[in-house]
Undergrad: 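Quick one: the structure is below, questions incoming.
Here, residue 1 is the first one in the sequence, and each next residue gets the next number.
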Amino acid sequence: MSKKAAPERITLTFDIHDLPTAQHRAGLGGLILQIDSMGPDGNKRDPRNIPELEVTPTTATITFTPDSMRGVFDDVYAAKPAETVVLSKWQNTPPKRETTIERKDPRTGELKPVRAFVYDIVEPQAPCLHRHIQADARAWIALWRQMIWEIPRGGNNVRSRAPFQDVAAGKPCGEGTKAWTQMSKFLEKRAKSQFETEPITGALLLGAQSINAEGVPFSGRVDHNLLLHFWQVVVLPFLPRVVSKKDGKTERFGYVLTIPDIADLVEFRREFPRMLGNLQADPGKILPADAQIDLPDQANLEVLRQAKGMGGRGRGARSIQGSRSRDPSAGRSVQALATDRAVRHHGGGGIRAVESYHMVKQGNNVKLVSFSRVADRPGLTEEYARIEDNFRNPLFRKVRLQALIRGESWHSGMIELFAEYPWPFFVEGDGTPKYLARFGRDANDQLRANDKDIQDMKPEEMNKEDRLKYLSTIIRRLVDRYVVGRAEAKTGLKAKTFPKKAIPGKPGRTYTDYPSDFREAQRRVCSDAFLSMRSRHDQDFIDYFASSICSVAQFLPTDQYEFLIQTLMTRP
């Protein structure tokens with residue numbers, strides 16, 4: 001019996017509803033963009049090396065030949081030889097040569113020559129990303145290269161760099177030939193109602209192992225595995241920062257890899273390239289500032305924000321506005337309302353949600369620190385933009401963003417934050433880290449916004465969130481009066497005798513110009529109250545509040561006094 005001839009063309013149809021994970025759906029979106037980037041309107045590859053493509057909102061039909069299968073893999077794994085200069089020798093690897101470079105002395109700030117070492121490396125080229133990302137934002141591609149080399153293609157899995165190394169050496173990518181063979185077997189078995197499967201590694205599916213420590217294999221259908229080579233085209237990497245409890249400096253801690261969960265392939269195909277084209281980076285910087293985040297889950301919000309075309313982070317005017325509107329549609333255009341309806345359906349840019357993987361390379365191991373999924377909802381990205389554009393302290397922003405993602409009140413998580421960090425991080429004084437934006441200034445702006453939100457409302461008109469904002473305005477007034485009153489008692493000075501001065505850049509707002517000894521007395525009162533309140537709960541807190549904050553003369557309107565008493569007397 002003669003052997004069955006190998007097929008000349010293979011047609012695969014993928015439905016996003018049949019794909020098992022968001023990474024598979026992102027891989028399908030990445031494959032579509034990869035094919036588009038190879039065409040006559042993109043990087044103009046040989047037409048014989050470009051698969052045929054038909055796309056609907058939920059399906060994609062792709063026809064491969066042996067040449068186009070190899071061609072699409074050669075392009076996604078495009079790489080070239082390059083050199084890198086490092087200050088320390090690599091372990092068990094002799095350098096190509098030694099050289100001298102200039103580095104700034106951290107103590108004097110002067111440039112000084114230092115010894116360095118040159119090594120040959122393979123540099124991924126990412127031609128699809130190069131097509132869409134602007135020349136002045138190529139720092140995003142540099143970050144992408146670092147992430148690819150350290151996370152999915154790093155650790156103990158450096159052999160997974162072979163596809164890039166093959167192309168850099170002028171060879172065809174071995175993954176293309178392998179995929180053609182696998183797809184041929186897949187079609188044969190599918191005709192018999194069977195499925196061809198292959199093991200999956202962490203290079204293709206984040207957090208996966210082909211065989212885990214218990215000896216259990218991790219496998220997937222080969223047609224689905226094919227897609228997992230292409231999610232790297234649509235992944236955006238971010239750099240989470242941790243604030244040191246010692247000096248307040250921020251330090252990088254791994255990478256956050258964002259995976260868009262695609263709901264509409266046609267819209268994603270149109271909008272994601274626009275999103276890449278809108279990425280921004282500061283000229284001369286090695287890595288993009290917009291990639292630095294205070295909370296791993298913030299990466300999800302940033303992708304959702306970019307998908308809606310809301311621009312880069314921190315580029316709006318610093319102007320706190322109240323977040324509550326009595327009429328959600330008031331003053332909004334028909335187009336904006338239509339956009340909201342579309343977002344409720346499947347999100348902006350054809351994305352229904354964003355998944356993120358916080359991963360860290362430790363020695364030769366790559367570990368998954370956390371995973372999150374954030375689905376879009378009305379008002380989510382707008383409130384995120386407000387927090388990002390108006391607050392500067394990373395600890396304050398982190399807690400606000402956590403509360404936003406969880407759908408909790410704005411102050412949720414503050415108690416845990418206060419217990420974790422030293423009190424000078426929150427009460428400004430000599431021990432406050434000079435590297436941090438002031439926590440108190442952000443808190444002050446938030447409380448002013450709370451007051452503005454409910455200033456025309458009566459307690460009986462308020463919902464739960466409004467009542468918390470109303471309570472915060474009352475507590476702030478009581479604490480302000482307590483701090484001033486105790487400082488007056490300690491110094492023998494009267495606050496009303498000090499002059500008021502205008503706040504630069506904030507018309508109509510003033511501050512009291514306290515002398516240094518009065519400010520020092522205020523700091524002592526604030527630190528004592530902060531430490532005392534931080535360690536108390538329930539009735540113990542109420543007893544302390546009544547005996548300390550109310551120990552100075554307090555003057556409240558009757559309705560505020562009644563609201564405060566009712567709150568203190570209500571069991572949580």
Undergrad: Does a side-chain heavy-atom distance below 4.5 Å link Pro152 with Met147?
TA: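 Yes - at least one pair of side-chain heavy atoms lies under 4.5 Å apart.
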Undergrad: Strictly by modelled atom types, are Ser356 and Thr258 linked by a side-chain donor-acceptor pair under 3.5 Å?
TA: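 No, because no side-chain N or O of Ser356 sits under 3.5 Å from a partner of the opposite role on Thr258.
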Undergrad: Should we say atom CZ of Arg270 is surrounded by more than 12 heavy atoms from elsewhere, each under 6.0 Å from it?
TA: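 More than 12 heavy atoms, drawn from other residues, nucleotides or ligands, come within 6.0 Å of this atom.
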Undergrad: Should Ile259 and Val354 count as side-chain neighbours, where that means a heavy-atom distance under 4.5 Å?
TA: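 Answer no - side chains too far apart.
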Undergrad: To the nearest 0.5 Å, what is the distance between CZ on Phe14 and CD1 on Ile16?
TA: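 So the gap between those two atoms works out to 13.5 Å.
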Undergrad: If you measure from OH on Tyr384 to CG on Asn300, what distance do you get to the nearest 0.5 Å?
TA: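 It is 10.0 Å, given to the nearest 0.5 Å.
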Undergrad: For the pair Glu150 and Lys361, find out whether any cationic side-chain nitrogen is under 4.0 Å from an anionic carboxylate oxygen.
TA: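 Between Lys361 and Glu150 there is no salt bridge, as every charged N stays at least 4.0 Å from the carboxylate O atoms.
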Undergrad: Pair up each side-chain donor or acceptor in residues 60-70 with any protein partner under 3.5 Å, not counting sequence neighbours, and list the distances.
TA:
from	atom 1	to	atom 2	distance (Å)
Thr61	OG1	Thr13	OG1	3.2
Thr63	OG1	Thr11	OG1	3.0
Thr65	OG1	Asp67	N	3.4
Thr65	OG1	Ser68	N	3.1
Thr65	OG1	Ser68	OG	3.2
Asp67	OD1	Arg70	NH2	2.8
Ser68	OG	Thr65	N	2.7
Ser68	OG	Thr65	O	3.2

Undergrad: Side chain of Ser412, backbone of Glu408: donor and acceptor closer than 3.5 Å?
TA: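 No, because the side chain of Ser412 does not come within donor-acceptor range (under 3.5 Å) of the backbone of Glu408.
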Undergrad: Between Glu188 and Lys185, does at least one N-O distance fall below 4.0 Å, as a salt bridge requires?
TA: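 No, no charged N to carboxylate O under 4.0 Å.
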Undergrad: Can you find a pair of side-chain heavy atoms, one from Leu404 and one from Ile387, that are under 4.5 Å apart?
TA: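 Result yes, sub-4.5 Å side-chain heavy-atom pair found.
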Undergrad: May I ask you to test the Pro260-Ile351 pair for a side-chain heavy-atom distance under 4.5 Å?
TA: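 Yes, close enough: below the 4.5 Å cut-off.
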Undergrad: We want to know whether Arg274 and His132 form a side-chain donor-acceptor pair, criterion being a heavy-atom distance below 3.5 angstrom.
TA: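 Result is no, nothing qualifies.
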Undergrad: Search all heavy atoms of Pro20 against all heavy atoms of His224 and return the closest pair with its distance.
TA: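 Shortest heavy-atom contact: CD-ND1, 3.7 Å.
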Undergrad: How many angstroms lie between atom CD1 of Ile200 and atom CZ of Arg221, to the nearest 0.5 angstrom?
TA: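 It comes to 11.5 Å.
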Undergrad: Using a 6.0 Å distance limit plus a 45 degree cone around the ring axis, check whether Arg252 lies over the aromatic ring of Tyr255.
TA: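 Relative to the ring axis of Tyr255, which defines the angle, Arg252 lies inside both limits.
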Undergrad: Hey, is the main chain of Gln34 close enough, under 3.5 Å, to the side chain of Ser37 for a donor-acceptor pair?
TA: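 Checking the backbone N and O of Gln34 against the side chain of Ser37, a donor-acceptor pair under 3.5 Å is found.
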Undergrad: I'd like to know if Glu383 pairs up with Arg400 as an ion pair, taking the criterion as any Lys NZ or Arg NE/NH1/NH2 lying under 4.0 Å from an Asp or Glu carboxylate oxygen.
TA: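 Arg400 and Glu383: salt-bridged.
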Undergrad: Would you say that Leu206 contacts Leu368 through its side chain, given a criterion of any heavy-atom pair below 4.5 Å between the two side chains?
TA: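 When only atoms from C-beta onward are counted, Leu368 and Leu206 do not touch, as no gap falls below 4.5 Å.
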Undergrad: When you check the side-chain N and O atoms of Gln306 and Asn278, is any donor under 3.5 Å from an acceptor?
TA: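 Note: Gln306 and Asn278 side chains miss the donor-acceptor criterion.
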Undergrad: For Leu301 and Leu401, run side chain to side chain contact (heavy atoms under 4.5 Å, CB included): C-alpha distance rounded to whole Å, both residues' side-chain angles, the deciding distance at 0.1 Å, then the answer.
TA: CA-CA 9 Å; Leu301 295 172; Leu401 292 173; 4.1 Å; yes
Undergrad: Which atom pair, heavy atoms only, marks the closest approach of Asp294 to Pro394?
TA: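 Heavy atoms of Asp294 and Pro394 come nearest at OD1-CB, 3.3 Å.
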Undergrad: Could you check whether Lys308 and Thr381, counting side-chain N and O atoms only, form a donor-acceptor pair closer than 3.5 Å?
TA: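 Side chains of Thr381 and Lys308: pair found under 3.5 Å.
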Undergrad: Could you check whether atom CD of Gln362 has more than 12 heavy atoms from other residues, nucleotides or ligands sitting under 6.0 Å from it?
TA: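 Count over threshold, so yes.
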Undergrad: Hey, does the side chain of Tyr119 reach the backbone of Lys96 with a donor-acceptor pair shorter than 3.5 angstrom?
TA: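 Here the side-chain-to-backbone pair does not exist.
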Undergrad: Under 6.0 Å between the ring centres of His358 and Phe371?
TA: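 Between Phe371 and His358, which both carry aromatic rings, the centre distance is not below 6.0 Å.
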Undergrad: Assess whether a salt bridge exists between Asp261 and Arg373, defined as any Lys/Arg side-chain N lying under 4.0 Å from an Asp/Glu carboxylate O.
TA: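 Yes.
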Undergrad: Is there a donor-acceptor contact under 3.5 Å from the side chain of Arg392 to the main chain of Asp389?
TA: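 Yes; at least one donor-acceptor contact below 3.5 Å.
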Undergrad: Could you work out, with ring pair (Phe, Tyr, Trp, His ring centres under 6.0 Å) as the rule, every residue matching Phe164, not counting sequence neighbours?
TA: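 Counting only residues at least two positions away or on another chain, Phe164 forms a ring pair (Phe, Tyr, Trp, His ring centres under 6.0 Å) with Tyr77, Trp149.
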Undergrad: Quick one: do Thr58 and Asp264 satisfy side chain to side chain contact (heavy atoms under 4.5 Å, CB included)? Show the steps, please.
TA: CA-CA 6 Å; Thr58 60; Asp264 187 319; over 6 Å; no
Undergrad: Test Arg241 against Glu251 for side chain to side chain contact (heavy atoms under 4.5 Å, CB included), laying out the working first.
TA: CA-CA 5 Å; Arg241 299 175 295 181; Glu251 303 168 352; over 6 Å; no
Undergrad: Indicate yes or no: at least one non-hydrogen side-chain atom of Met38 is less than 4.5 angstrom from one of Asn43.
TA: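 Met38 does not reach Asn43 side chain to side chain.
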Undergrad: Please step through side chain to side chain donor-acceptor pair (under 3.5 Å) for the pair Thr56 and Thr59, ending with a clear verdict.
TA: CA-CA 5 Å; Thr56 73; Thr59 65; 2.5 Å; yes
Undergrad: Listed by chain and number, what are the ring pair (Phe, Tyr, Trp, His ring centres under 6.0 Å) partners of Trp410, not counting sequence neighbours?
TA: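 Not a single residue meets the ring pair (Phe, Tyr, Trp, His ring centres under 6.0 Å) criterion with Trp410.
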Undergrad: If you look at every heavy atom in Ser409 and Ala403, which pair is closest and at what distance?
TA: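 Where Ser409 meets Ala403 most closely, the heavy atoms are O-CB, 3.3 Å.
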Undergrad: Provide the closest heavy-atom pair for Arg115 versus Leu87 in the form atom of the first, atom of the second, distance.
TA: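 Closest heavy-atom pair between Arg115 and Leu87: O-CD2, 3.9 Å.
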Undergrad: Does a side-chain N-to-carboxylate-O contact under 4.0 Å join Asp442 and Lys398?
TA: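 Salt bridge: no.
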Undergrad: Atom CD of Gln292 and atom OG1 of Thr250: how far apart are they, to the nearest 0.5 Å?
TA: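 Those atoms lie 7.0 Å apart.
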Undergrad: Which value, rounded to the nearest 0.5 Å, describes the distance between Glu123 atom CD and Lys80 atom NZ?
TA: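 Those atoms lie 6.0 Å apart.
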Undergrad: Minimum heavy-atom separation for Gln134 and Gly277, please, with both atom names.
TA: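 Here Gln134 and Gly277 meet closest at CG-O, 3.3 Å.
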Undergrad: Would you mind reporting whether Leu395 and Leu417 have side-chain heavy atoms less than 4.5 Å apart?
TA: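 Of all side-chain heavy-atom pairs linking Leu395 with Leu417, at least one is under 4.5 Å.
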Undergrad: Could you tell me whether Arg269 and Asp36 make a salt bridge, using a distance below 4.0 angstrom between a side-chain N and a carboxylate O?
TA: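 Yes, this pair counts.
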Undergrad: Decide yes or no on salt bridge (charged side-chain N to carboxylate O under 4.0 Å, His left out) for Glu388 and Arg305, but give the supporting numbers first.
TA: CA-CA 11 Å; Glu388 261 299 309; Arg305 178 183 184 178; 5.4 Å; no
Undergrad: State plainly whether the residues Glu83 and Arg97 are in salt-bridge range, i.e. N to O under 4.0 Å.
TA: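 Yes, this pair counts.
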Undergrad: Go through it in stages, so that I can follow the logic: the residues are Asp75 and Lys44, the test is salt bridge (charged side-chain N to carboxylate O under 4.0 Å, His left out), and I'd like the CA-CA distance, side-chain angles, deciding distance and then a yes or no.
TA: CA-CA 11 Å; Asp75 210 60; Lys44 299 180 175 62; over 6 Å; no
Undergrad: Can you name the nearest heavy-atom pair linking His24 to Leu227, along with the distance?
TA: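 Nearest heavy atoms, His24 then Leu227: O-CD1, 3.8 Å.
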Undergrad: Can any side-chain N or O of Thr181 pair as donor or acceptor with the backbone N or O of Thr177 at less than 3.5 Å?
TA: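 Yes, the answer is positive, given that a donor and an acceptor are paired below the 3.5 Å cut-off.
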Undergrad: Do Trp231 side-chain atoms and Leu204 backbone N/O form a donor-acceptor pair below 3.5 Å?
TA: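 A pair under 3.5 Å: yes.
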Undergrad: Look up atom CE in Met359 and atom NZ in Lys367, then write down how far apart they are to the nearest 0.5 Å.
TA: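 Atom-to-atom, Met359:CE and Lys367:NZ are 11.5 Å apart.
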Undergrad: Return yes when atom CD of Glu54 has more than 12 non-hydrogen atoms of other residues, nucleotides or ligands closer than 6.0 Å, and no otherwise.
TA: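 Counting other residues, nucleotides and ligands, CD of Glu54 stays at 12 neighbours or fewer.
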Undergrad: Please examine the side chains of Pro240 and Gln298, heavy atoms only from C-beta on, and report whether any two atoms are closer than 4.5 Å.
TA: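 Not in contact.
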Undergrad: Give the intermediate values and the outcome of side chain to side chain contact (heavy atoms under 4.5 Å, CB included) for residues Leu236 and Met275.
TA: CA-CA 11 Å; Leu236 280 182; Met275 175 179 163; 3.5 Å; yes
